[in-house]
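Note sheet for the following structure.
Bear in mind the structure is a predicted one, so any value in this text is a computation, not a measurement. We use all heavy atoms of the structure for the numbers below, so side chains are in, but hydrogens, waters and symmetry mates are not. The chain is numbered in sequence order, starting from 1. Ligands are counted one by one from 1 in listed order, and the atoms in each one are counted from 1 as well.
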Amino acid sequence: MNKDIEKVLISEEEISSRCRLLASELEMNYKDLEEPLLIVGLLKGSVPFMAELMKRFTIPCEIDFMKVSSYVGTKSVGDVKINKDLDHTCDGKCVLIVEDIIDTGKTIKAVKQMFYNKGAKDVKIVALLDKPEGRQVDIEADYVGFTIPNEFVVGYGLDYDQKYRNLPYVGVLSPSVYTK
Ligand SMILES: Nc1nc2c(ncn2[C@@H]2O[C@H](COP(=O)(O)O)[C@@H](O)[C@H]2O)c(=O)[nH]1
Ligand SMILES: [Mg+2]
């Protein structure tokens, strides 16, 4: 295990088997769509989760990415800014937003509204992790991989200062790393 990780919260095997179930639930719910589902990953944290899900889809789909920022270090600063916008239009489309983690809910609430403002017909959210104790606004994901306690986690796409995204598991970062 990486020396900066205090404990492994969710193992690689647990993530893989949960993603298999989530993908089949999503497939079932989207099987009657008349046009391709637009799957949008929020960069950078959603990349491993999005790859794990989409490789199991057999439904017609298109993919795109958006980059928004709302965090500095381990703190949510509230304001959500777009750093990279979509390549696709989403007028009249069904959109599935893929997010790594929902904490205060401010990011995903703002992003969901952005998609409706862009003319999407339907917007659903799938999040690998949910920290309901951190919630400050009224928003829930439609699909959640794991509900976790209110701790700062890294790995499987999630970073601290751009590090640890490559870990194959989700772990709790030792506070000594960010109180240095
Ligand atoms: N590496 C981690 N990133 C986190 C964690 N909790 C939140 N976040 C980042 O913020 C947004 C969502 O935050 P929200 O407060 O607006 O809901 C999420 O996409 C992450 O990028 C965490 O524990 N570890
Ligand atoms: Mg994110």
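Contact atoms of ligand 1 toward L158: 1 (N), 2 (C), 3 (N) (distance under 4.0 Å to a heavy atom of the residue). Residue contact check: E99 has heavy atoms under 4.0 Å from atoms 18 (C), 19 (O) of ligand 1.
The shortest side-chain heavy-atom distance between K124 and Y30 falls under the 4.5 Å cut-off. Residues F57 and L26 form a side-chain contact, since some pair of their non-hydrogen atoms from C-beta on lies under 4.5 Å apart.
We find that R56 and E27 are not joined by a salt bridge, their nearest charged nitrogen and carboxylate oxygen being 4.0 Å or further apart. A salt bridge is absent between D91 and K121: the closest approach of a Lys/Arg side-chain nitrogen to an acidic carboxylate oxygen does not fall below 4.0 angstrom.
Between D100 atom OD1 and E99 atom OE1, the angle centred on the Mg ion (ligand 2) amounts to 70° (nearest 10°).
Distances from atom 24 (N) of ligand 1 to the heavy atoms of D159, V153, D161 show the closest one on V153. Of the listed residues (R135, Q136, K131), the one carrying the non-hydrogen atom nearest atom 6 (N) of ligand 1 is K131.
The closest approach between a heavy atom of Y160 and any atom of ligand 1 is not below 4.0 Å. Residue-ligand proximity: G105 is placed with a non-hydrogen atom under 4.0 Å from ligand 1. At least one heavy atom of D100 sits less than 4.0 Å from an atom of ligand 1.
Annotation: side chain to side chain donor-acceptor pair (under 3.5 Å) contacts of E133 (sequence neighbours excluded): none.
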Output a table of donor-acceptor pairs, distance under 3.5 Å, between side-chain atoms of residues 38-46 and any protein atom two or more places apart or on a different chain; print 'none' if there are none.
from: K44; atom 1: NZ; to: Q162; atom 2: OE1; distance (Å): 3.3
from: S46; atom 1: OG; to: L42; atom 2: N; distance (Å): 3.1
from: S46; atom 1: OG; to: L42; atom 2: O; distance (Å): 2.9

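Residue-level proximity to ligand 1 for V80 is absent, since no heavy atom of it falls below 4.0 angstrom. Contact annotation for E151 and ligand 1: only backbone heavy atoms (N, CA, C, O) come within less than 4.0 Å of the ligand.
The two atoms that bring S176 and T179 nearest to each other are CA-OG1, 3.5 Å, heavy atoms only.
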